[in-house]
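Heads up: the structure comes next, in structure tokens.
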2 protein chains.
Amino acid sequence: MPAENSAKKPATAKRDRILDVAEQLFAEHGYDGVTLRQIASGARVDVALASYHFGKKLDLFNAVFERRSAYLNEARHEALRRVQESSGEAGPSVEQIIEAFLRPLELAQETGDDGWRHYLALVAYINNSPYWGRRMMSKMFDNLVNEFIDALRVALPGASDTDLYWCYHNMSGALTLTLADTGRIDALSGGLCSSSDFEAAYDHMIPFMAAGFRELCGSDGSR
Amino acid sequence: MPAENSAKKPATAKRDRILDVAEQLFAEHGYDGVTLRQIASGARVDVALASYHFGKKLDLFNAVFERRSAYLNEARHEALRRVQESSGEAGPSVEQIIEAFLRPLELAQETGDDGWRHYLALVAYINNSPYWGRRMMSKMFDNLVNEFIDALRVALPGASDTDLYWCYHNMSGALTLTLADTGRIDALSGGLCSSSDFEAAYDHMIPFMAAGFRELCGSDGSR
DNA sequence: GCAGCTTTTCAACAGTTGTTGAAAAATCTG
DNA sequence: CAGATTTTTCAACAACTGTTGAAAAGCTGC
């Protein structure tokens, strides 16, 4: 029987290996830079098995993208809810909101295996892919992103939506380059900064972005 | 005679058309997402002509990347020199340095044709490509980037090099996403922000980034 | 052990890929 | 115009691509 459209297939060892290898290779070389035979070979499996489990090549790509996205959305949503509860009436600060947006990525990466790291690099690749990447990202993440924008609107009263979205755009770009893990900052800094050190990246990103938001969207009270 | 290694070929109309079409297609679909036949077809030219002029497919890609890079480096270098001269003893401010880094991109885009826009999207694609992209970017731009880092070190006395490079990394990421022109901010903001409006993007990016640099690298005097 | 599944492999397909050698057309030079 | 050079096309190549139908292997309940 050919692969069902959206019915969840039972997990088998070889099926999981196909997803894992595809995740890594797609993240490293992009959709067109990877052949089904490379994936099958990496998973020590026949080529036809990928088609059997996932259908067309594009369906496999989507399956890889969707596998961890739901969990990530939930973790971020939870992190935001937590700081909102703990901050009482006034609502969380800009730093707290940004931290809730970024830290789940770090936790996801700490699970030991490289799966999450490859997934996040894949997200970076998709986010930088013109046109078709936008559609995939929007469908998957826009609901969640708007939750964070809503929280920022409360933390930054008087900010225009235009400014708010441009600020988010800046943060998203910096985050994307970090997730892509290109190693460029390593070469440029002569080893001072390591792109694989996500914690250092976030520690520097959070205050940087918070300052940017406050500058453009008016700090709480002053300006 | 097959294509010479590094000797400059005389420009012919068809040769230029190959470069233009390759520039656009590589920027939109990536290196592996484009075939030489698509490029030849777009340039209304036989497939073999690309090989005749540029050699292998990868050589064509490099030729596209290098075509406008030298000019861009010079324009940015000039912009930095100009603000350094006009600012006297104290040296230019963080805003002035960032502006000198960004505005040449805007000018380049104003020439009317879409060539520069495609080139900048190609740079974004390369910058987000793991490993091989890092090498290409470093070889082409690191010298210039370090000129700007040097200027920032003067404008932000007491800043550690590590912080300085992380700040640059954040700015580079935001810039890259803008250049990629994915249109994602358009969809997210419901049309409030337009990713094709480079001037608006830079107007919001400059104060945002300057505030981030000051926060992380210590403002001039205070903190 | 055997029938009824699902999972996996085998073998092959039609189409496309980058690349090349030789022919043809265009351009330059005298 | 004739000859020499460069530019462009034509035709073909071997290798590789995603996909599929049928056979084989593995598993489950009896």
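Naming: A, B, ... by sequence-line order, numbering from 1 per chain. In this text, all values refer to a predicted model and were calculated from it rather than measured experimentally. Side chains are part of it too, since the values below use all heavy atoms of this structure and drop only hydrogens, waters and symmetry mates.
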Any donor-acceptor N/O pair, A:Asn127 side chain to A:Val123 backbone, under 3.5 Å: no
C:dG21 phosphate, OP1 or OP2: any side-chain N/O from B:Ser51 under 4.0 angstrom? no
Side-chain N or O of B:Lys56 closer than 4.0 Å to phosphate OP1/OP2 of C:dT20: yes
Any side-chain N or O of A:Thr35 under 4.0 Å from OP1/OP2 of D:dT17? yes
Under 3.5 Å, is there a donor-acceptor pair between the side chain of B:Asp186 and the main chain of B:Ser195? yes
Atom-to-atom span, CZ of A:Arg15 to P of D:dC27 - whole angstrom: 18 Å
A:Arg37 CZ to D:dG18 P: how many Å, rounded? 7 Å
Tell me, please, which residues at least two apart from B:Ser189 pass side-chain contact (heavy atoms from CB on, under 4.5 Å). A:Tyr165, B:Leu192, B:Cys193
Spacing of A:Gln38 atom CD relative to D:dT17 atom P, expressed in whole Å: 7 Å
Closer than 4.0 Å, any side-chain N/O of A:His53 to the OP1 or OP2 of C:dT6? no
Residues in residues 39-47 of chain A with a heavy atom under 4.0 Å of DNA chain C, by number, are A:Val45, A:Asp46
Spacing of A:Ile18 atom CD1 relative to D:dG18 atom C1', expressed in whole Å: 14 Å
Strictly distance-based, threshold 3.5 Å: is any side-chain N or O of B:Arg184 a donor or acceptor partner for the main-chain N or O of A:Arg134? no
For the pair A:Tyr71 and A:Trp116, evaluate ring pair (Phe, Tyr, Trp, His ring centres under 6.0 Å) and give the outcome as yes or no after the intermediate values. CA-CA 11 Å; A:Tyr71 176 87; A:Trp116 273 99; 5.6 Å; yes
Measure from CG on A:Leu49 to C1' on C:dT9 and round the result to the nearest Å. 9 Å
Whole-Å distance, A:Leu25 CG to D:dT17 P, equals 13 Å
Spacing between A:Tyr52 atom OH and C:dC10 atom C1', to the nearest angstrom: 16 Å
So, B:Tyr125 versus B:Phe26, ring centres under 6.0 angstrom or not? no
Is the shortest distance from a Lys or Arg side-chain nitrogen in B:Arg82 or B:Glu85 to a carboxylate oxygen in the other one below 4.0 Å? no
From NZ of A:Lys14 over to C1' of D:dG26, roughly how many Å is that when rounded to an integer? 10 Å
Between D:dT20, C:dG21, D:dG18, which nucleotide has the shortest distance from any of its atoms to the side chain of A:Ala48? D:dT20
